[in-house]
Amino acid sequence: MENISVPQHVGIIMDGNGRWAKKRGLPRNMGHKQGAAVFKKTINWCRELGIKCATFYAFSTENWRRPADEVEGIMKLLRQYIKDIRAAAKENIRIIIIGDISRFAEDIRDELINIQEDSKNNDGFITAIALNYGGRAEIVKAVGELVRAAADGNLSADDITEDMIEQNLYTKEMPPLDLVIRPSGEQRLSNFMIWQAAYAEFLFMDVLWPDFTKKDLEYAVEVYSSRDRRYGGV
């Protein structure tokens, strides 16, 4: 893929696991299992294509509303794939967890915190995983930090800037978001990185996430490269 502009930061909404399983007469959690396998492959595909950072929407603040047995299955799968996340960190990949992980079980929380700490100096690639994440909640959190600073007398409300908000987002140490990919045929952000996506390119694809391939990612990069990004200019 020569002579094309490659996005530095790609956000991926991993959607369609349940429908993939339903089409095959399988339990929904089998779709999540297959989707997790594609997640691992996609990290390598991103690196091969020259992408520097990828953020994966794994579990939203709204996903707790799903049936209890499905949520339990996702938590079991998360425990299993934490091992793979740790293995990825050994390949010079920095792992960043975005979202409020306080609601997860203690063993999951501790592992995620440790993986982030252990990989913080890795500079080969950034893999961000959105867990119990919501874009609106992230903005509320960032604004809350600034309100507390103002209340303590360390900041004037009139001096608050966009950059200050960005420095209090989960993504403060990541490159700007260039491209959002959503498989499954749905055409919405679903509360994913709504601040960061202000000037990102969007690509909605009909493929279900468990069927997502390297060719699909290559196509997404080609489409991105063909876009004229003017950021409000001419």
Side-chain angles (χ1 to χ4, degrees), residues 5-15 39-61 78 81-82 84-102 104 109 111-146 160-182 189-203 217 220-221 224-225 227 229 231:
S5 176
V6 176
Q8 296 301 289
H9 183 179
V10 175
I12 300 178
I13 301 173
M14 301 186 291
D15 192 23
F39 155 74
K40 290 192 298 179
K41 295 176 184 177
T42 305
I43 294 174
N44 292 327
W45 298 336
C46 285
R47 297 184 79 181
E48 291 168 7
L49 294 176
I51 296 166
K52 301 300 183 185
C53 175
T55 298
F56 297 87
Y57 203 9
F59 193 85
S60 76
T61 51
L78 178 57
Y81 279 96
I82 278 175
D84 295 309
I85 296 170
R86 183 170 286 285
K90 294 179 180 178
E91 298 177 13
N92 199 26
I93 295 176
R94 182 178 181 183
I95 307 297
I96 296 177
I97 306 300
I98 68 173
D100 178 10
I101 64 172
S102 65
F104 292 115
R109 268 196 330 266
E111 275 295 303
L112 293 174
I113 291 170
N114 290 338
I115 289 170
Q116 287 190 98
E117 180 64 24
D118 293 345
S119 69
K120 67 181 181 181
N121 294 320
N122 292 349
D123 58 7
F125 186 78
I126 296 174
T127 297
I129 307 169
L131 292 166
N132 195 28
Y133 172 87
R136 290 180 176 179
E138 179 182 28
I139 294 171
V140 170
K141 170 187 168 295
V143 172
E145 296 290 339
L146 296 176
I160 293 176
T161 64
E162 290 184 10
D163 184 64
M164 288 180 183
I165 293 176
E166 288 185 353
Q167 289 304 309
N168 283 281
L169 298 175
Y170 294 118
T171 53
K172 62 184 179 181
E173 297 182 83
M174 296 158 60
L177 183 63
D178 292 318
L179 172 65
V180 176
I181 301 171
R182 180 166 189 160
L189 281 178
S190 296
N191 204 14
F192 177 63
M193 299 183 82
I194 53 180
W195 176 282
Q196 297 87 341
Y199 281 102
E201 298 295 320
F202 297 162
L203 182 61
L217 182 61
V221 171
Y224 169 83
S225 182
R227 302 272 179 90
R229 306 184 74 198
Y231 300 95

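- In this structure, Ile129 and Phe39 have side chains that are in contact, with non-hydrogen atoms separated by less than 4.5 Å.
- A heavy-atom distance below 4.5 Å is found between the side chains of Arg94 and Glu173.
- Distance check: Ile95 CD1 to Thr127 OG1 gives 4.5 Å after rounding to the nearest 0.5 Å.
- One distance of note links CD1 of Ile51 with CG of Leu217; it measures 5.0 Å at 0.5 Å rounding.
- Counting only heavy atoms from C-beta outward, the side chains of Asn114 and Arg86 approach each other to under 4.5 Å.
- A heavy-atom distance below 4.5 Å is found between the side chains of Tyr81 and Lys40.
- Proximity of Arg47 to Ile93: side-chain heavy atoms (C-beta onward) are separated by under 4.5 Å at one or more points.
- Side-chain atoms of Arg227 come within 3.5 Å of backbone atoms of Phe202 as a donor-acceptor pair (strictly under, hydrogens ignored).
- In terms of heavy-atom proximity, Tyr224 sits nearest to Val6 at CE2-C, 4.0 Å.
- Residues Ile97 and Gln116 come closest through the heavy atom pair N-OE1, 2.9 Å.
- Interatomic distance, CG of Asn132 versus CG of Asp100, reported as 5.5 Å (0.5 Å rounding).
- Atom CZ of Arg109 has more than 12 neighbouring heavy atoms from other residues, nucleotides or ligands inside a 6.0 Å radius.
- For the pair Tyr133/Glu138, a side-chain contact is recorded, criterion being any heavy-atom separation below 4.5 Å from C-beta on.
- Put simply, the side chain of Asp178 never gets that close to the backbone of Val10: no donor and acceptor are under 3.5 Å apart.
- Looking at Met193 and Tyr170, their side chains never come closer than 4.5 Å, going by heavy atoms from C-beta outward.
- More than 12 heavy atoms of other residues, nucleotides or ligands sit less than 6.0 Å from atom NZ of Lys141.
- Not a single donor-acceptor pair under 3.5 Å links the side chain of Asn92 to the backbone N or O of Asn122.
- A search for side chain to side chain contact (heavy atoms under 4.5 Å, CB included) contacts involving Lys41 returns Trp45, not counting sequence neighbours.
- The distance from atom CZ of Phe56 to atom CD1 of Ile181, rounded to the nearest 0.5 Å, is 9.0 Å.
- When every heavy atom of Gly50 is checked against every heavy atom of Gln8, the shortest pair comes out as O-NE2, 4.2 Å.
- If you take CD1 on Ile96 and OG1 on Thr55, they are separated by 8.0 Å, rounding to the nearest 0.5 Å.
- Among all heavy-atom pairs drawn from Arg182 and Asp15, the shortest one is NH2-OD2, 2.8 Å.
- Looking at every heavy atom in both residues, Leu189 comes nearest to Tyr57 through O-CE2, 4.3 Å.
- With sequence neighbours excluded, the residues that form a side chain to side chain contact (heavy atoms under 4.5 Å, CB included) with Glu145 are Arg148, Asn168.
- A 4.5 Å side-chain heavy-atom check between Leu169 and Gln196 finds at least one atom pair inside the cut-off.
- For the pair Ser5 (side chain) and Ser225 (backbone), a donor-acceptor distance under 3.5 Å is absent.
- Interatomic distance, CZ of Phe104 versus CG of Leu78, reported as 6.5 Å (0.5 Å rounding).
- When all heavy atoms are compared, the tightest approach of Val221 to Pro7 is CG1-CD, 3.9 Å.
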